[in-house]
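For this chain, numbers begin at 1 and follow the sequence in order.
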Amino acid sequence: QVQLVESGGGLVQAGGSLRLSCAASGSIFRFNGMGWHRQAPGKQRELVAGITSDGRINYADSVKGRFTISGDNAKNTVYLQMNSLKPEDTAVYYCRADRTPLRYWGQGTQVTVSS
């Protein structure tokens with residue numbers, strides 16, 4: 001009964017910032033990895049940022065230098081800090097957690113960046 005609940009999405013002007021949160025129902029240390037994905041209309045879901053249990057972090061080329069993924073084990077929460085937002089960042093953002101061999105998804109949160 002793993003549950004992932006996202007928050008922090010909304011409408012922001014280009015150049016602005018948002019911080020997304022993903023609260024997990026259990027300790028994030030129990031997951032092999034967690035990450036953020038996004039899906040824009042007419043596009044496939046893509047990985048935005050991920051962090052593995054051994055501390056490796058990876059980002060999509062399109063967000064490198066602008067987005068930062070982090071976690072707070074005490075709060076069982078992962079974050080995605082998004083700075084210098086662009087209209088092309090507009091998408092539904094999904095939290096993802098892996099506990100091999102299973103993968104879990106949040107319900108998604110809308111991020112809209114206006115020009």
Side-chain angles (χ1 to χ4, degrees):
Q1 54 179 26
V2 171
Q3 184 170 306
L4 306 172
V5 180
E6 300 104 329
S7 61
L11 175 65
V12 65
Q13 293 184 7
S17 298
L18 287 173
R19 187 175 76 158
L20 305 183
S21 299
C22 174
S25 58
S27 172
I28 60 176
F29 281 168
R30 292 188 173 95
F31 295 107
N32 302 104
M34 299 189 71
W36 291 92
H37 300 241
R38 68 187 181 188
Q39 187 166 21
K43 303 289 184 63
Q44 291 192 307
R45 189 172 300 186
E46 64 173 345
L47 174 69
V48 175
I51 183 168
T52 62
S53 59
D54 62 355
R56 289 180 294 172
I57 297 174
N58 64 92
Y59 298 97
D61 288 342
S62 59
V63 307
K64 286 181 179 177
R66 299 189 297 121
F67 291 10
T68 303
I69 187 171
S70 61
D72 185 338
N73 187 60
K75 298 181 179 179
N76 297 325
T77 301
V78 295
Y79 304 96
L80 184 68
Q81 179 67 46
M82 305 186 294
N83 298 325
S84 302
L85 283 161
K86 305 174 181 179
E88 47 264 49
D89 295 318
T90 295
V92 178
Y93 284 70
Y94 297 90
C95 182
R96 180 264 302 160
D98 298 323
R99 185 185 295 161
T100 55
L102 302 177
R103 171 163 287 186
Y104 304 92
W105 294 95
Q107 82 288 347
T109 184
Q110 177 71 46
V111 171
T112 302
V113 184
S114 62
S115 301

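Under a 4.5 Å side-chain heavy-atom cut-off, the cluster of Ile, Leu, Val, Met, Phe, Trp and Tyr residues that includes Leu11 has no other member.
Within the structure, no pair that satisfies the salt bridge (Lys or Arg N to Asp or Glu O under 4.0 Å) test touches residues 79-88, not counting sequence neighbours. Within the structure, the disulfide bond (SG atoms under 2.5 Å apart) test picks out no pair touching residues 27-83 (sequence neighbours left out). Residue pairs meeting the disulfide bond (SG atoms under 2.5 Å apart) criterion with at least one partner in residues 13-102, sequence neighbours excluded, are Cys22-Cys95. The stretch residues 32-91 participates, sequence neighbours left out, in no disulfide bond (SG atoms under 2.5 Å apart) pair at all. Sequence neighbours left out, the pairs with a member in residues 103-115 that pass salt bridge (Lys or Arg N to Asp or Glu O under 4.0 Å) are Asp98-Arg103. Residue pairs meeting the ring pair (Phe, Tyr, Trp, His ring centres under 6.0 Å) criterion with at least one member in residues 45-90, sequence neighbours excluded, do not occur.
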Just distance, no hydrogens or angles: give the donor-acceptor pairs under 3.5 Å from side chains in residues 28-35, sequence neighbours left out.
| from | atom 1 | to | atom 2 | distance (Å) |
| --- | --- | --- | --- | --- |
| Asn32 | OD1 | Thr100 | N | 2.7 |
| Asn32 | OD1 | Thr100 | OG1 | 3.2 |

All N/O donor-acceptor pairs, side-chain side in residues 36-43, below 3.5 Å, sequence neighbours left out:
| from | atom 1 | to | atom 2 | distance (Å) |
| --- | --- | --- | --- | --- |
| His37 | NE2 | Arg96 | NE | 3.2 |
| His37 | NE2 | Arg96 | NH2 | 3.4 |
| Arg38 | NE | Glu46 | OE2 | 2.9 |
| Arg38 | NH1 | Asp89 | OD1 | 2.9 |
| Arg38 | NH1 | Tyr93 | OH | 2.9 |
| Arg38 | NH2 | Glu46 | OE2 | 3.4 |
| Arg38 | NH2 | Ser62 | OG | 3.3 |
| Gln39 | NE2 | Lys43 | O | 3.2 |

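Between the side chain of Thr90 and the main chain of Val113, a donor-acceptor pair closer than 3.5 Å is present. Of the possible polar contacts, one joining the Glu6 side chain to the Gln107 backbone as a donor-acceptor pair under 3.5 Å is found.
Listed here is the closest heavy atom pair of Ser17 and Ser84: OG-N, 4.3 Å. When every heavy atom of Asp61 is checked against every heavy atom of Lys64, the shortest pair comes out as OD1-NZ, 3.1 Å.
Residues passing the side-chain contact (heavy atoms from CB on, under 4.5 Å) test with Ser25 are Val2, Gln3, sequence neighbours excluded. Applying the side-chain hydrogen bond (donor to acceptor under 3.5 Å, both in side chains) criterion to Asp72, with sequence neighbours excluded, gives no partner residue. Among residues two or more places apart in sequence or in another chain, the side-chain hydrogen bond (donor to acceptor under 3.5 Å, both in side chains) test is passed with Asp54 by Thr52, Arg56.
In this structure, CZ in Arg99 is found 12.5 Å from OG in Ser53, a value given to the nearest 0.5 Å. Rounding to the nearest 0.5 Å gives a distance of 12.0 Å between CE of Met82 and CD1 of Ile69. Annotation: the span from Asn83 atom CG to Leu18 atom CG amounts to 9.5 Å, rounded to 0.5 Å.
Under the 4.5 Å side-chain heavy-atom criterion for Ile, Leu, Val, Met, Phe, Trp and Tyr, Val5 and Leu102 are members of distinct hydrophobic clusters.
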Thr68 and Leu80: CA distance, side-chain angles, deciding distance, side chain to side chain contact (heavy atoms under 4.5 Å, CB included) verdict:
CA-CA 6 Å; Thr68 303; Leu80 184 68; over 6 Å; no
Evaluation steps, side chain to side chain contact (heavy atoms under 4.5 Å, CB included), between Leu4 and Val78
CA-CA 10 Å; Leu4 306 172; Val78 295; over 6 Å; no
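Proximity of Thr109 to Leu20: side-chain heavy atoms (C-beta onward) are separated by under 4.5 Å at one or more points.
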